[in-house]
J.: 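Got a structure here, written out as structure tokens. Questions coming.
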Amino acid sequence: MQAISNLSLFLYEKLFVVVAHSGEHKDIAATFTYSFQDKETIKHIVDTAPIFNAPNSVGRLYIHHQRFTLVPTALFNPAQGDRYLSFATELNEQVDSVIYTGVANNTIQVIGTADKGLLEKLDKKLPELEIAHGASHVLGFFLTQTKDLLNQELFIHASPDCMYLAAFHNGELNLFNRFVITEEAAFLRYLFTFIQQMAFDRSHCKIRFFGNPEWLHTSMESMGRYFKNIHLSIPYQNTSYLKGAESFMNTQLLEAYWQQKLIS
């Protein structure tokens with residue numbers, strides 16, 4: 001624990017991933033994955049897990065959920081965060097804290113919400129922890145992969161029972177959203193809707209799938225019946241590991257391969 005320089009936390013609906021980095025180069029030294037069913041379990045993990053009592057452990061928490069929106073930085077006013085979000089979700093000032101993070105060389109702001117109770121709990125353990133919506137991590141990764149795109153491409157980021165979906169036309173981001181997926185029919189419905197909205201040719205548009213298809217209750221074989229140019233892709237890796245920690249890549253989670261470069 002003494003060697004930990006900072007933490008990266010990834011909070012999904014039922015999964016809490018903690019990545020411990022070591023040293024100046026932020027090598028991944030250890031990872032911890034917790035399953036949970038309610039918010040109280042998360043708070044218990046923060047209270048009791050030894051990793052949250054390690055010295056010098058600062059970093060960033062990415063919270064994945066449906067409540068976020070994107071705003072061009074040129075039009076962004078931090079004081080109006082709740083107003084931007086009101087177009088995408090309802091806000092409760094008693095429990096919701098508005099958060100925002102710049103991506104794509106700070107040209108896009110990802111604005112979301114965080115539970116105030118959880119933030120208070122974390123602040124007692126990690127007072128220097130930064131908070132971001134998980135979409136900033138995924139979108140930041142997608143936008144590093146846009147070199148030499150075809151004129152019609154879809155990117156899928158899978159996590160347990162959820163996906164982020166992005167549509168690129170002529171190399172430009174046109175659509176980006178997140179969906180809860182509880183069955184294959186829902187996955188296909190959202191994918192077909194994106195293709196229809198973009199007026200893409202289903203037989204020719206390229207689809208890059210990142211993650212485990214089983215998380216979305218589908219398979220490459222099943223998807224191949226509907227889409228002829230779909231590829232299971234391994235994320236570009238910019239992470240490095242201390243010896244013994246590499247097994248985290250077996251999870252197929254994006255955070256096992258790619259670390260967002262924070263904007264100061």
Side-chain angles (χ1 to χ4, degrees), residues 6-13 39 42 58-147 149 153-155 157 159 162-180 190 193-194 197-198 238 254-255 258-264:
N6 72 304
L7 300 177
S8 295
L9 316 177
F10 302 86
L11 181 61
Y12 297 91
E13 278 82 357
K39 291 181 180 179
I42 304 172
V58 298
R60 178 171 284 197
L61 165 67
Y62 295 94
I63 306 174
H64 292 278
H65 54 66
Q66 309 302 98
R67 306 172 67 201
F68 73 95
T69 191
L70 308 182
V71 176
T73 298
L75 304 176
F76 178 64
N77 179 351
Q80 298 296 318
D82 54 349
R83 183 179 179 187
Y84 302 127
L85 274 173
S86 68
F87 294 102
T89 185
E90 292 185 5
L91 290 176
N92 183 336
E93 294 183 358
Q94 300 300 315
V95 298
D96 293 325
S97 180
V98 176
I99 55 177
Y100 57 90
T101 306
V103 298
N105 293 320
N106 210 33
T107 59
I108 299 173
Q109 295 293 322
V110 180
I111 310 169
T113 68
D115 180 81
K116 289 184 177 180
L118 176 60
L119 297 189
E120 290 174 3
K121 179 71 68 174
L122 283 166
D123 189 59
K124 294 177 181 178
K125 296 285 186 175
L126 307 168
E128 297 182 64
L129 190 71
E130 297 181 34
I131 312 297
H133 191 281
S136 65
H137 186 248
V138 176
L139 182 59
F141 169 73
F142 282 172
L143 292 174
T144 66
Q145 306 300 296
T146 57
K147 185 179 180 181
L149 289 183
E153 291 214 24
L154 295 176
F155 284 21
H157 166 276
S159 60
C162 288
M163 73 170 174
Y164 288 95
L165 186 56
F168 291 87
H169 181 60
N170 292 329
E172 297 292 328
L173 177 69
N174 277 219
L175 291 174
F176 179 75
N177 212 334
R178 186 176 191 265
F179 305 98
V180 174
Y190 288 125
T193 298
F194 252 55
Q197 283 185 270
M198 293 298 300
N238 72 355
L254 176 61
E255 49 265 34
W258 194 79
Q259 178 181 346
Q260 186 177 21
K261 301 305 180 184
L262 304 184
I263 298 173
S264 58

J.: Which heavy atom in D115 sits nearest to a heavy atom in L118, and how many Å separate them?
T.: OD2-N, 2.9 Å
J.: Just do the side-chain contact (heavy atoms from CB on, under 4.5 Å) check on F155 and L143 with the steps written out, would you?
T.: CA-CA 10 Å; F155 284 21; L143 292 174; over 6 Å; no
J.: List the atom of A132, the atom of T101, and the distance in Å for their closest heavy-atom pair.
T.: CB-OG1, 3.1 Å
J.: Can you tell me if D96 uses its side chain to pair, donor with acceptor, with the backbone of N92 under 3.5 Å?
T.: yes
J.: Below 4.5 Å, heavy atoms only, C-beta onward: do E13 and C162 meet side chain to side chain?
T.: yes
J.: Under the 3.5 angstrom rule, does the side chain of H65 hit a backbone N or O of T113 as a donor-acceptor pair?
T.: yes
J.: Could you check whether any side-chain N or O of N77 sits under 3.5 Å from a backbone N or O of A79, counting only pairs where one atom can act as donor and the other as acceptor?
T.: yes
J.: Where the side chain of N238 meets the backbone of Q259, is there a donor-acceptor pair that is under 3.5 Å apart?
T.: yes
J.: Grab the two heavy atoms, one from F176 and one from L173, that are nearest each other, plus how far apart they are.
T.: CB-CD1, 4.3 Å
J.: Can you tell if the side chain of L61 reaches within under 4.5 Å of the side chain of L126, non-hydrogen atoms only?
T.: no
J.: Would you mind reporting whether Q66 and T89 have side-chain heavy atoms less than 4.5 Å apart?
T.: no
J.: Got more than 12 heavy atoms from elsewhere within 6.0 Å of NZ, K39?
T.: no
J.: How close do H133 and G112 get, heavy atom to heavy atom, and via which atoms?
T.: CD2-CA, 4.1 Å
J.: Going through the checks in order, is the side-chain contact (heavy atoms from CB on, under 4.5 Å) test met by F87 and T69?
T.: CA-CA 8 Å; F87 294 102; T69 191; over 6 Å; no
J.: Do L154 and F194 make a side-chain contact, defined as non-hydrogen atoms from C-beta onward lying under 4.5 Å apart?
T.: yes
J.: For H157, run the side chain to side chain contact (heavy atoms under 4.5 Å, CB included) check against L254, L165, L139 and tell me which one passes.
T.: L254
J.: Has the side chain of R178 got a donor or acceptor atom that lies under 3.5 Å from a matching backbone atom of R67?
T.: no
J.: Given E153 and M198, is the side-chain contact (heavy atoms from CB on, under 4.5 Å) satisfied, shown in steps?
T.: CA-CA 10 Å; E153 291 214 24; M198 293 298 300; over 6 Å; no
J.: What pair of heavy atoms forms the shortest contact from W258 to G140, and how long is it?
T.: CH2-C, 3.6 Å
J.: Among V110, I131, I111, T73, find the one that has a side chain to side chain contact (heavy atoms under 4.5 Å, CB included) with Y100.
T.: I111
J.: Can you see which heavy atom on R60 is nearest to which on L129, and at what distance?
T.: N-CD1, 3.4 Å
J.: For the rings on F76 and Y84, is their centre-to-centre separation under 6.0 Å?
T.: yes
J.: Report the residues that fulfil side-chain contact (heavy atoms from CB on, under 4.5 Å) with E128, sequence neighbours left out, ordered by chain and then residue number.
T.: V58
J.: If you round to the nearest 0.5 Å, how far is CG of L149 from CD of E172?
T.: 9.5 Å
J.: Pick out which of F142, Y12, F10 makes a ring pair (Phe, Tyr, Trp, His ring centres under 6.0 Å) with H137.
T.: F10
J.: Are a donor atom and an acceptor atom from the side chains of Q260 and Y62 found within less than 3.5 Å of each other?
T.: yes
J.: Quick one: do V138 and H64 satisfy side-chain contact (heavy atoms from CB on, under 4.5 Å)? Show the steps, please.
T.: CA-CA 10 Å; V138 176; H64 292 278; 4.1 Å; yes
J.: Rounded to the nearest 0.5 Å, how far does OG of S97 lie from CD1 of I63?
T.: 8.5 Å
